[in-house]
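Right, one structure below, let's go through it.
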2 protein chains.
Amino acid sequence: MKDVARSAGVSVSTVSNVLNRPDYVSSANRLKVLDAIARLGYVRNNAARQLRVGRTRTVGLVVLNIANPFFIDVIRGVEETLSRVGHSVILCNSDGRPPREESNVEMLGEQQVQGVLISPVDPGSPWLAKLADRGVPVVLLDSRAAGTEQCSVSVDDVLGGRLAASHLLEQGHERLVYVSGPPLLHQVTERREGVLAAMAEAGVPADRLTVIECTELSFGAGCDAGERLLGLRPRPTAVICANDLLALGVLQVMFANGVSVPGDVALVGYDDIDFAAGSAVPLTSVRQPRYELGEVAAKLLLDEVDGAGEHAHRQIVMTPELVVRASSSSAHATWSRSRSSSKRR
Amino acid sequence: MKDVARSAGVSVSTVSNVLNRPDYVSSANRLKVLDAIARLGYVRNNAARQLRVGRTRTVGLVVLNIANPFFIDVIRGVEETLSRVGHSVILCNSDGRPPREESNVEMLGEQQVQGVLISPVDPGSPWLAKLADRGVPVVLLDSRAAGTEQCSVSVDDVLGGRLAASHLLEQGHERLVYVSGPPLLHQVTERREGVLAAMAEAGVPADRLTVIECTELSFGAGCDAGERLLGLRPRPTAVICANDLLALGVLQVMFANGVSVPGDVALVGYDDIDFAAGSAVPLTSVRQPRYELGEVAAKLLLDEVDGAGEHAHRQIVMTPELVVRASSSSAHATWSRSRSSSKRR
DNA sequence: ATGAAAGCGCTAACAG
DNA sequence: CTGTTAGCGCTTTCAT
């Protein structure tokens, strides 16, 4: 900056003004400075700027699993909302592993981010509490704040599970299988609770539910679950998966083994990712407002950051929606190619 | 830091030493300091640290499209390699849009990153040149450096296209369709060149190739391409797609319209993402060493960063591999469920 | 409208 | 082994 100032024949503060408040500077000087910057290839040192100003225009976003298309849309929602107001996003992937999450959060803390959006493995982890104690706004994403002292945006997973199960029960199925993910994830367990609630409502005893647990929410894990499903006796007729990746894996294995979907087995996924509508048998799924989830969370964070003191914490719970396609219902078995509903950007 | 020092009854430099070179400090003092840090909830200000030290432990990674599973594995390769040596990664998504790429790169420059790994929209863009001029190491990812003055890691896309086309020609197909992506992307055009090369080798005239261009490499775009394919006369019998997402979209539309794959149309994708093996009809695809791509690029960058002066730029070109599955070959049409080959991490 | 100068919080000589 | 101290590059009063 000193070099630029010298080369332009002005003082450093004029250079600084050109960068930060161009209208304070005479246009003659502004031009000289801009020219010198271009000539010298000057790039502002953000560390120094931050140090001086005390805060950043950066927020951190920690997602549970970047390989899950669900989060890709959440990320989009966050990024577009924040970049519109000039904030940049540092994206981190905890990969569902608490130690990674901890180091992500720690790194973000040191970067002096304005705030953190996080889909936590465990919303009660000490590192999140510590961050909040330091006064860094934290908004929980796809997770409900325990108290009222924190913002959160989530989707009603119990309802989602109930929608899926009610649908299958209405089709006359009497035994259900729930292909679950890591029980650490409350999303996964709440969806199961929803399934049980629907069964209770329908007067179906809880022991009619078989749970198959997977160690991760991935396509590969779904394939493994599919294999295990094949071994069950009596053969289940209806399967709900904790997410679409699992469901697609299950579907693939059914397909490969000549088990007809929905003829022999009805299948319901969760998230309604793009592939769900496009798989061999279009997948019935519980749609979540993914983009909006990120968008709303980002706006909440902005409000907390800008609205100095004025901010009231809010816990927003969004509503999922069942999208019925061929995989669960003989009525849809003639493919109507209803992909239309999955449009998102 | 001053507070910590006071509270621990030592000087700030001792606190600094505890943080940076714990072995310089007597264990009595170390304990006192650590205790004070915990008590006060002190978090080191990274901006100040950076400013003082002059460099970061951070590198930037800019990918073309985070929604593409191909890049997810590349990201993993980069992150695991770098985090192993204590570097953190700032992940950016250019989304194939040059202006976004420019602002990503600019942001990384201001963050004083140690280096940048980028799968560029256009490897020759001015902002990349500017970065390199400033002395920031830049490694091209999935893109070949034009000269010898820069590191790059890419996969031979011409060869990949040739493998795909040769395979189909060997099956006796005489007309090919190439479902292309944005012509801006050299990967896409080079794969087409490979297809043409294979045709030339086989003595098939170039006008037997029909090109369908898509505006993006996505599942949705593949569906659109599928619709257009259905309208072609004569009906093509063999289709090569610029990537797997396109191919899965095409496959979905074929399926929905009762066109048998591979019976009526043979289909080949590109990337061999996990879904490829797992789709309704397992997809023949050209496998790229995705994880290794990221890994090798990260190592090249580390060498350039650490190996002060000693570093010799390298342009590494990796070799793709054709994975034949049911979608292209009647011989495989009885599903062998050969998912095994898609194992990665 | 412009310039001089005081730090932001930290690290790394250097001296003890 | 510990403390003192001089900046790192920038923004921002405060004078002019």
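Note that this is a predicted model, so its numbers are computed, not measured. The basis for the numbers below is simple: all heavy atoms, side chains too, and nothing from hydrogens, waters or symmetry mates. Numbered from 1 within each chain, the chains take letters A, B, ... in sequence-line order.
- Residue A:S16 is classed as a base contact, given a heavy-atom separation below 4.0 Å to a base.
- By the 4.5 Å heavy-atom criterion applied to side chains, B:Q111 and B:T58 are not counted as neighbours.
- For B:E110, the salt bridge (charged side-chain N to carboxylate O under 4.0 Å, His left out) partners are A:R44, not counting sequence neighbours.
- One axis for each end of the helix from C:dA1-D:dT16 to C:dG16-D:dC1, each built from five base pairs, and the angle between them comes to 30° at 10° resolution.
- Not one side-chain nitrogen or oxygen of B:R21 sits closer than 4.0 Å to the OP1 or OP2 atom of D:dC1.
- Nearest heavy atom pair, residue B:Q114 against residue B:V305, reads NE2-CG1, 3.4 Å.
- Looking at B:H186 and B:S143, their side chains do bring a donor and an acceptor atom within 3.5 Å of each other.
- Residues B:W127 and B:E106 bring no donor and acceptor atom of their side chains to less than 3.5 Å of each other.
- Against DNA chain D, the stretch residues 22-37 of chain A makes no heavy-atom approach under 4.0 Å.
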Tabulated below should be each protein N or O lying under 3.5 Å from an N or O of nucleotides 5-9 of chain D; please produce it.
from: D:dG7; atom 1: N2; to: B:R52; atom 2: NH1; distance (Å): 3.1
from: D:dC8; atom 1: O2; to: B:R52; atom 2: N; distance (Å): 3.4
from: D:dG9; atom 1: N2; to: A:A48; atom 2: O; distance (Å): 3.2

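- Residues B:V121 and B:L64 come closest through the heavy atom pair CG2-CD1, 3.8 Å.
- Crowding of A:Y42 atom OH: a count of heavy atoms from other residues, nucleotides or ligands under 6.0 Å exceeding 12.
- Rounded to whole Å, the distance from CG on A:N17 to P on D:dC14 is 15 Å.
- Within the structure, salt bridge (Lys or Arg N to Asp or Glu O under 4.0 Å) contacts touching residues 112-138 of chain A (residues at least two apart or in different chains) do not occur.
- A:I66 and B:I72 get closest at one heavy-atom pair: O-CD1, 3.5 Å.
- Looking only at side-chain heavy atoms (C-beta outward), A:L19 and A:V33 stay at 4.5 Å or farther from each other.
- Think of the region where chain A sits on DNA chain C: with heavy atoms and a 4.0 Å cut, that region ends 5' and 3' at C:dA1 to C:dG9.
- Side-chain contact check for A:D142 and A:Q187: at least one donor-acceptor pair (N or O, by modelled atom type) lies under 3.5 Å.
- Counting heavy atoms from C-beta on, the side chains of B:V116 and B:V59 never come closer than 4.5 Å.
- In this structure, a donor-acceptor pair under 3.5 Å is absent between the side chains of B:R57 and B:S88.
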